[in-house]
Amino acid sequence: MADESSPIPAVRVAGLVYEYPDGRRALDGVNLTIAPGESTALVGPNGAGKSTFLLHLNGLLPGRRALGRRASPSVWIDGLDASRAGAAVRRKVGLLFQDPDDQLFSTTVLEDVAFGPLNLGMARDEARRLALECLGRVGLAEAADRPPHHLSFGERKRVCLAGVLACSPSVLVLDEPTANLDPRGRRRFMELIGSLPATRLIATHDLEMVLELCPRTVLLDAGKVVADGPSREILGDEALMEAHGLERPLSLVVGR
Ligand code: ADP
């Protein structure tokens, strides 16, 4: 039983193995526990398994075991088995994709943001009210009636974030949130993410952002966690970073 000194983890992953249908093993025994409210970065070279890992957190990929063996639970969100709890887990985990165009499909911004709450069973008026409120939180209330594809890339990212927030997730999972943003858009997006109270897991190559937003870093390579600890220690370890195809962030090299 959990007590106050050991709350139920927001995320618990135990021995997660995943092979794509072609037999490629993308995750090779990942163990990870994230406490409620923690802000954690997931870093690693291309192909390390980061995206595959994120997709397991809301049950988008089945909890399939290697070699066709029967599934056994390996991912829990707030104590719920992610491979079985379906909608209940998807409701808890807000996944922000790297490319906003993978997430936006409605004819207006407001409809897009209201889609999640409507899908969760909220009444139309209430969903629209909530969508407007969430658009306000990302500074886009005035764009509510515009088609998403008329907005800039940075604005579309913020619409997606509003859509995620509208579902009130307890865990925010962000895939490369600052990729392809200009410096002002990046700064604005970082401030938004930093202001959110949810548990956060951020997969990224933006290591300066990690230093600002994530006290903890998990380094994944070849489907395994190879390091897990304070971000400044992991990202400042030149040998470790180089061994896994990464570079220390400049601010740690020049000692800012
Ligand atoms: P990352 O997000 O860290 O770049 P991915 O999770 O995308 O890593 O990929 C992990 C491994 O899984 C890579 O070897 C990649 O080639 C492989 N992979 C990703 N998607 C598929 C797929 N749909 N089918 C087969 N292999 C895949």
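Order of listing sets the numbers, starting from 1, for every ligand and every atom in it.
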Among all protein heavy atoms, pick out the one at the shortest distance from [atom]; state its residue, atom name and that distance to 0.1 Å.
| atom | value |
| --- | --- |
| atom 15 (C) of ligand 1 | R24 CD, 3.9 Å |
| atom 8 (O) of ligand 1 | G49 N, 3.1 Å |
| atom 7 (O) of ligand 1 | S51 CB, 3.9 Å |
| atom 6 (O) of ligand 1 | T52 OG1, 2.5 Å |
| atom 4 (O) of ligand 1 | G47 N, 2.7 Å |
| atom 18 (N) of ligand 1 | Y20 CE1, 3.3 Å |

Polar contact flag, side-chain donor to acceptor under 3.5 angstrom, T108-D145: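 The answer is no; no qualifying pair exists.
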Salt bridge present between R25 and D28 (N-O < 4.0 angstrom):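 A salt bridge is present here (some side-chain N lies under 4.0 Å from a carboxylate O).
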Cationic N near anionic O, under 4.0 Å, R187 to E212: yes
Any side-chain heavy-atom pair of I202 and M209 under 4.5 Å: yes
Any R186 side-chain heavy atom under 4.5 Å of E191 side chain: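 In short, these two side chains do not touch, never coming nearer than 4.5 Å.
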Ligand 1 versus K50: contacting region, heavy-atom distance under 4.0 Å: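 Within the 4.0 Å criterion, K50 contacts ligand 1 through backbone and side-chain atoms alike.
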For ligand 1, the portion of P45 having any non-hydrogen atom under 4.0 Å away: backbone
Test log, rule ring pair (Phe, Tyr, Trp, His ring centres under 6.0 Å), inputs F53 and Y18: CA-CA 9 Å; F53 181 73; Y18 184 75; over 10 Å; no
Test item: H56 side-chain N/O and T52 main-chain N/O as donor-acceptor pair under 3.5 Å: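 Yes, H56 side chain to T52 backbone: donor-acceptor pair under 3.5 Å.
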Cluster check V171, L16: I/L/V/M/F/W/Y, side chain < 4.5 angstrom: yes
Close-contact set for ligand 1 against N46 heavy atoms, below 4.0 Å: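 Checking each atom against N46, I get 4 (O).
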Per-atom contacts, ligand 1 versus A26 - under 4.0 Å to a heavy atom: 10 (C), 11 (C), 12 (O)
Polar proximity ligand 1 side, A48 side, N/O cut 3.5 Å exclusive: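 For ligand 1, there is an N or O atom that lies under 3.5 Å from one belonging to A48.
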